[in-house]
Amino acid sequence: MKKYLLIIILVTVTLSKSFSQDMNYLGEPSFKIGEELSYKLKYGFFTAAEANIKVLESDKKFENPAFHIVADSKTAGTFDIFYKVRNRYETYVDKKTLEPYFYTENRKEASYRHTDHVTYNHNTEKITADKGVFPMKGKVFDFLSAYYFARSVDISKLHIGDQFNLQYFLEDGIHSMQITYAGKEKMDCSVGKFNCLKFNPTIIPGRVFRKSSKLYLWITDDNNRIPVKAHVELIVGSITMDLTGAKNLKYPLNPLKK
C-alpha cells in the first residue's frame, strides 16, 4: 500500500457514493477532453512529490469510443535525490458508461520496477491481469477510472455519517475500502478557497499508517468535483496534498477568494 500512497490520495476522494444502491450515474461525464489537474504533496514543510492527471482522446480502439486518462507522479526536491520515483498510471474508459476497458501502470521507485496490464471484460465479467484471470461482479474499477466515474454520479442525497464501500482491482485481486462522508467545509489550496465536500476513507494500519491515523479529503462542491486538498497522518509526520493547477475544466471553477 505504501507504493500506492500518492495515487490513493489523488483518486479516492470522490469514490464513496459510486457504489451506493441509491446512486445514479448522471448520464454524462463531469469532465472533458483536455482537462488537466496538477498537485503537490508535502511532507511537513517540504515538497515530496508532484502529480499531473489529464484526460485525452483514446489512442486505442475498443467496442465504443473511450477516454484515455493518464496520471504521472514523481518525487521532488531532496526526496528525488534519495528515493527517485517516476510512476505512470493509465486507464481507458467508455465515454458513455465511464467503466474501464484497459488499465496499465509503470512504476519506477528507486531500484524497484513494476508494470501491470489489466483488461476488463464486462460481457464475461472477468478481469485479466499480469498475475492471472479474476472474476468480477458489479462495477469494478481501477483507481483512476473509479475516480472519474464517481465525479459523475448524483450525490444530492448525501448525509453526514453515510458510509460506503468501493470496489477496485489492484495487482492480484478485487479489494474494497470503506469511506465516510464527513460534511461540508470551506478549504484553501494554492488555486483558491472553495466550498467543499469532506470524506474520510478507512486506513489499514501498518508500516506507513498508525492505528489511529486519519485520512481526510476535500472536493469542490460544484459540478466539477475535483480534489483540492487531502491530509493523511503517517507513523512519522503527515502528508498534505494541494491542488496547484486546473486547466480546461468542463464547468467554471469558482473560488471564494484567490
Side-chain angles (χ1 to χ4, degrees), residues 1-16 36-54 71-89 105 107-114 143-144 147 170 177-221 225-247 253 255-258:
M1 191 63 72
K2 179 180 179 181
K3 297 180 181 298
Y4 286 93
L5 179 60
L6 175 60
I7 199 68
I8 288 172
I9 291 176
L10 283 173
V11 302
T12 60
V13 64
T14 55
L15 298 179
S16 60
E36 187 170 350
L37 305 175
S38 300
Y39 296 92
K40 283 187 178 180
L41 273 77
K42 291 188 175 182
Y43 182 78
F45 296 103
F46 301 98
T47 298
E50 299 173 344
N52 182 269
I53 311 177
K54 53 189 175 182
D72 289 298
S73 62
K74 63 179 182 179
T75 44
T78 304
F79 292 87
D80 200 44
I81 297 174
F82 294 100
Y83 192 82
K84 180 177 289 187
V85 170
R86 296 292 185 274
N87 291 347
R88 168 166 283 204
Y89 310 86
E105 63 179 50
R107 289 157 46 204
K108 300 177 181 179
E109 301 163 357
S111 61
Y112 177 83
R113 299 291 184 272
H114 176 80
F143 280 131
L144 280 178
Y147 163 55
L170 181 64
M177 179 185 295
Q178 187 179 75
I179 303 179
T180 303
Y181 172 57
K184 296 184 178 184
E185 288 186 356
K186 292 179 173 61
M187 180 54 61
D188 286 295
C189 69
S190 295
V191 177
K193 187 173 185 177
F194 298 89
N195 289 317
C196 291
L197 305 174
K198 183 180 180 181
F199 294 88
N200 173 217
T202 299
I203 293 177
I204 300 174
R207 291 184 298 172
V208 179
F209 304 115
R210 303 190 306 271
K211 186 175 181 180
S212 60
S213 290
K214 298 291 184 181
L215 168 58
Y216 290 108
L217 310 107
W218 293 264
I219 68 168
T220 55
D221 187 13
R225 289 203 232 124
I226 58 175
V228 299
K229 203 83 169 184
H231 182 80
V232 59
E233 300 168 344
L234 309 178
I235 289 179
V236 178
S238 63
I239 287 180
T240 300
M241 182 195 77
D242 183 72
L243 177 70
T244 58
K247 300 178 182 178
L253 188 63
L256 298 175
K257 65 178 181 179
K258 295 184 179 180

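When a residue number appears, it is its place in the shown sequence, counting from 1.
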Taking the side chain as C-beta and beyond, is there a heavy-atom pair between Tyr83 and Glu109 under 4.5 Å?
yes
Looking at Cys196 and Trp218, what are the two nearest heavy atoms and their distance?
CB-CB, 3.9 Å
To the nearest 0.5 Å, what is the distance between OG1 (Thr244) and CG (Leu41)?
10.0 Å
Tell me whether Asn87 contacts the main-chain N or O of Lys108 through its side chain, where contact means a donor paired with an acceptor under 3.5 Å.
yes
Side chains of Asn195 and Lys186: closer than 4.5 Å at any heavy-atom pair?
yes
How are the rings of Tyr181 and Phe199 set to each other: parallel, tilted or perpendicular (split at 30° and 60°)?
tilted
Close side-chain approach of Leu253 and Phe194, heavy atoms under 4.5 Å:
yes
Is there a donor-acceptor pair under 3.5 Å between the side chain of Thr240 and the backbone N or O of Lys42?
no
Residues Phe79 and Ala48: closest non-hydrogen pair is CD1-CA, 3.5 Å
Plane angle bin for His114 and Tyr112 - parallel if under 30°, tilted between 30 and 60°, otherwise perpendicular
parallel
Say you draw a straight line from CG of Asp188 to NZ of Lys193; how long is it, rounded to the nearest 0.5 Å?
5.0 Å
Would you mind reporting whether Ile226 and Tyr147 have side-chain heavy atoms less than 4.5 Å apart?
yes
Test item: Tyr89 side-chain N/O and Phe143 main-chain N/O as donor-acceptor pair under 3.5 Å
no
Looking only at atom types and distance, does a side-chain atom of Asp242 sit under 3.5 Å from a main-chain N or O of Ser190, one as donor and one as acceptor?
yes
Sub-3.5 Å donor-acceptor pair from the side chain of Ser73 to the main-chain atoms of Ala51, do we have one?
no
Please determine whether a side-chain nitrogen of the Lys or Arg among Asp80 and Arg86 lies less than 4.0 Å from a carboxylate oxygen of the Asp or Glu.
yes
Would you indicate whether the side-chain heavy atoms of Pro227 and Met241 approach each other to under 4.5 Å?
yes
Would you confirm whether Thr220, through its side chain, and Arg225, through its main-chain N or O, come within 3.5 Å as a donor-acceptor pair?
yes
Spacing of CE belonging to Met187 relative to CG belonging to Leu243, to within rounding of 0.5 Å:
12.5 Å
Nearest-0.5 Å distance, CD1 of residue Ile53 to OH of residue Tyr39:
5.5 Å
Calculate, to the nearest 0.5 Å, the distance between atoms CG and NZ belonging to Leu37 and Lys54 respectively.
12.0 Å
Give the minimum heavy-atom separation between Gly192 and Pro255, together with the two atoms involved.
CA-CB, 4.1 Å
Please tell me if the side chains of Lys198 and Leu217 come closer than 4.5 Å, counting only heavy atoms from C-beta onward.
no
